[in-house]
Structure formats: C-alpha cells, structure tokens
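Side chains included, hydrogens not; waters and symmetry mates left out as well; all remaining heavy atoms used. Quick note on labels: first sequence line is chain A, next is B, and so on, each numbered from 1.
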Protein chains: 2
Amino acid sequence: MSHFLPKSIRDLIEEFSKLPGVGPKSAQRLAIHLLHSPDSRVEPLGRAVLGLKDNVIFCETCWNIAENNPCIICCGEGRNSEIICVVEEILDVVALEKTREYRGLYHVLHGALSPIDGVGPDQLKMTELFERIGKGGVEELILATNPSLEGEATALYIQKHLIDSPVKITRIARGLPVGGDLEYADSVTLSRAMAGRSEF
Amino acid sequence: MSHFLPKSIRDLIEEFSKLPGVGPKSAQRLAIHLLHSPDSRVEPLGRAVLGLKDNVIFCETCWNIAENNPCIICCGEGRNSEIICVVEEILDVVALEKTREYRGLYHVLHGALSPIDGVGPDQLKMTELFERIGKGGVEELILATNPSLEGEATALYIQKHLIDSPVKITRIARGLPVGGDLEYADSVTLSRAMAGRSEF
C-alpha cells in the first residue's frame with residue numbers, strides 16, 4: 001500500500017480489497033473513482049453498506065432472506081404452495097425468479113453437503129426441509145442444487161431421505177447450456193445431455 | 001432487480017452496480033457476501049466509504065491527493081526537487097512510486113488534453129505546471145502521460161510550450177512491455193520499440 005496516500009483512502013482500498021473478486025488494483029480504482037465522485041454518489045453507498053442488515057431477517061419457512069416472516073414469496077398470491085424448489089443459496093432464488101416461469105415456493109439450504117469442509121446436514125437447513133415436508137401439502141420437490149459434486153451429493157441425500165415419502169421428487173435437467181457449443185462441452189455434461197434427451 | 005429481496009439489499013446492489021467495472025451480477029454477489037459477513041467486516045467498509053474524503057486535500061504544489069499541503073512527497077527528505085514527473089492521474093503516481101526507483105517529484109494534471117471531451121489546458125493543472133517551472137529550480141521534466149492519443153497530445157503541448165525554456169524535457173520510453181511477446185505487439189508499439197532501441 002502506497003504510504004503517501006491519505007489514510008482515509010488507504011483504509012477504503014484495504015476494505016475494498018477484502019471483497020471477493022476485487023484485487024488490489026481494482027480496489028484502488030474504485031476508491032479513486034469514489035474520491036472523484038460527488039458526495040451524492042458516495043454517501044448513499046456508505047449508508048447502504050451500513051444499513052445492509054437493517055430489517056433483514058430469514059423467512060422461517062423457506063429460509064430465504066426477507067423483510068417479513070413468512071416472506072413475500074411464501075405468502076405470495078398466485079404461488080403454488082404444493083411445489084417446493086430446493087436451492088443452495090439466496091442468489092439461486094434470484095436467478096430462478098428472473099426466469100419469471102417458476103411459480104412454486106423455495107427452500108434455501110444455505111450450502112451443500114461437503115464433508116471435506118465440515119458441512120453435514122446439521123449445517124444446512126435440512127431438518128427444516130424435512131419438517132416442512134412432514135407437515136404435508138407438498139406434491140413435488142424440485143432438487144435444484146448445483147450440478148457439482150456437492151450439489152449432486154446433497155440432492156441424493158434428500159432423495160434417499162424421502163424415498164418412502166409420497167412426494168414426487170425431481171431434479172433439474174443437466175445438459176448443454178442454451179447457446180453453448182456441443183464441441184466444447186465436457187463429456188460428463190454431454191453424457192447427461194444424451195441421457196436426458198426428450199422427444200422432439 | 002428482484003422485488004422480493006429486502007429493500008436494504010436492493011439498495012446496496014444498486015449502489016454497487018454504479019461502480020465502474022461492477023455489473024449487476026457482481027453487485028449481487030458482493031451484497032450477499034457482505035450479508036453473510038460479520039458486522040466487524042461490514043462496518044469498517046461502510047465507515048471507510050463515508051469517511052473517504054475526510055482530511056483529504058490536494059497538494060497545491062504537485063496536485064496529488066494528500067493529507068498535508070505541501071504533501072509528503074513534495075516536502076519529503078531524500079527526494080530530488082530538480083526533477084518533476086508529469087502524470088495524468090493520481091493512480092499513475094501510485095504506480096510509479098511502487099517501482100521504488102524514481103526519487104524526483106510529481107505533477108498531476110488530472111487528465112489529458114481531449115478536445116472531443118471538452119478538455120483543454122484550462123481543465124487541467126497546466127497553468128500550475130508552467131508557473132511551477134517558471135519559479136526555477138527544475139532541471140528535468142519527465143512527461144509520463146499515457147502513450148495514448150490524448151497523452152501524446154498533452155506531452156506535445158507541454159513540450160511546445162516550454163520549447164524556449166532551459167529545462168530538459170524527456171518522455172518515458174514506449175516499447176514492448178516486459179514479459180510481452182513481440183509477435184503479438186501492435187505495429188505502432190513495435191515501431192516505437194525499434195526507434196527507441198538502445199545499445200546492448
């Protein structure tokens with residue numbers, strides 16, 4: 001860190017550098033950009049950071065972040081409460097909501113099973129999921145964990161746990177991403193795409 | 001913007017999105033990352049943003065940002081006040097200081113001449129530069145503006161303005177970046193590298 005820069009700027013560069021995906025050069029650029037910005041741009045950012053956790057709670061039904069409990073999705077009109085989509089993270093809900101097609105509810109696990117990282121079912125909202133299903137009223141459970149080793153293991157764990165349950169359990173399709181190129185697809189994805197083929 | 005996210009989170013995503021080089025997806029990731037971070041990580045960032053401009057002034061000699069006037073470089077021990085390096089931006093000073101080789105002073109123009117953007121000499125710290133040189137005591141002026149159209153024009157403007165001055169005017173070398181590949185260098189850079197060759 002350049003010692004000749006004013007302390008307030010060095011502080012901000014340091015804090016920016018701690019953010020994921022922000023290297024020291026980007027942190028410098030961001031800090032100097034803000035320095036050149038009017039206060040009307042800088043202050044809202046500072047206040048938004050400090051106020052981030054204000055009024056933010058977890059919905060105790062789906063465990064998504066929310067302002068109310070149950071959240072706006074869980075008590076939303078026109079949503080089908082018979083379908084629950086299980087995802088790993090909050091941002092997965094954001095991504096799925098953006099499609100504007102899914103009208104069921106969610107369940108956010110807050111991670112995936114990963115014994116090597118010490119993440120077992122107890123570290124996830126797994127018990128809460130099974131209790132929720134145990135209450136009845138659920139027809140389909142869509143396992144939308146990531147198509148990674150951990151995500152697949154998590155999906156398998158849930159499926160095995162509910163094997164005697166009458167709930168229909170589905171897994172999101174794995175295949176070629178739209179706009180992707182078959183030639184560059186890895187062989188596991190390609191195998192999945194072939195196995196999951198549907199009638200034209 | 002996903003309407004179901006709490007307002008405080010949407011606010012922060014929006015503010016992050018306004019930063020240069022931060023797209024909507026990165027802004028989301030940053031906001032959710034902070035949401036999962038302890039307050040001991042979030043608060044220093046917020047306070048650093050709000051306090052960014054505290055005690056930051058411009059050195060009225062070199063026009064770099066500083067806490068004192070003249071700044072720590074301008075009144076620094078062991079610095080050669082007979083050499084002034086002219087740069088466009090504050091971050092250029094940071095980059096040059098990092099080399100730990102240059103021991104002269106600086107002059108930050110805060111931009112480069114760009115008629116198309118309405119930037120003339122009056123929008124830069126140009127008069128201040130000429131006044132500073134007029135006071136005497138300067139032996140060499142290193143023009144370290146960017147090797148871009150605007151940077152070259154700015155260097156040329158300064159050189160022409162000081163053509164009758166006894167001050168030695170030099171331009172930083174343009175050539176192949178160290179670690180670069182001759183094969184991929186553009187032809188202008190290559191021409192410069194050839195023209196600027198030195199004895200081995």
Please report the interatomic distance [atom1]([X]) to [atom2]([Y]), rounded to the nearest 0.5 Å.
X     : Y     : atom1 : atom2 : value
A:L45 : B:L45 : CG    : CG    : 7.0 Å
B:I32 : A:L91 : CD1   : CG    : 4.5 Å
A:L19 : B:F16 : CG    : CZ    : 5.5 Å

With the 4.5 Å side-chain cut-off for hydrophobic clustering, are [X] and [Y] part of the same group?
X      : Y      : answer
A:F130 : A:L143 : yes
B:L113 : B:L156 : no
A:I169 : A:M126 : yes

Note to self: Would you say that B:L5 contacts A:V93 through its side chain, given a criterion of any heavy-atom pair below 4.5 Å between the two side chains?
What the structure shows: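 Answer no - side chains too far apart.
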Other residues, nucleotides, ligands: >12 heavy atoms within 6.0 Å of [X] [atom1]:
X      : atom1 : value
B:R174 : CZ    : yes
B:K18  : NZ    : yes
A:R79  : CZ    : yes

Notebook entry, point to check: So which residues of residues 46-74 of chain A are in contact with chain B at a heavy-atom cut-off of under 4.5 Å?
Noted result: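 Only A:G46, A:R47, A:A48, A:V49, A:L50, A:G51, A:L52, A:K53, A:D54, A:V56, A:N64, A:I65, A:A66, A:E67, A:I72, A:I73 of residues 46-74 of chain A have a heavy atom under 4.5 Å from chain B.
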Check: Which residues from residues 185-195 of chain A are near chain B, with near meaning under 4.5 Å between non-hydrogen atoms?
Finding: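 Residues in range: none.
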Check: Hey, does the side chain of B:R41 reach the backbone of A:E15 with a donor-acceptor pair shorter than 3.5 angstrom?
Finding: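 No; zero donor-acceptor contacts below 3.5 Å.
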Notebook entry, point to check: Which heavy atom in B:Q28 sits nearest to a heavy atom in A:K98, and how many Å separate them?
Noted result: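 Nearest pair, atom of B:Q28 first, then A:K98: NE2-NZ, 3.3 Å.
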Next item on the list: Can you tell which part of B:S37 gets under 4.5 Å to a heavy atom of chain A, answering side chain, backbone, both or neither?
Entry: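 Backbone of B:S37 only, per the 4.5 Å heavy-atom cut-off to chain A.
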Check: Of the backbone (N, CA, C, O) and the side chain (C-beta and beyond), which part of B:L35 lies under 4.5 Å from a heavy atom of chain A, both, or neither?
Finding: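 Both parts, backbone and side chain.
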Margin query: Which atoms of A:L34 are under 4.5 Å from chain B, going by heavy atoms: the side chain, the backbone, both sets, or neither?
Written below: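 Both the backbone and the side chain of A:L34 come within 4.5 Å of chain B.
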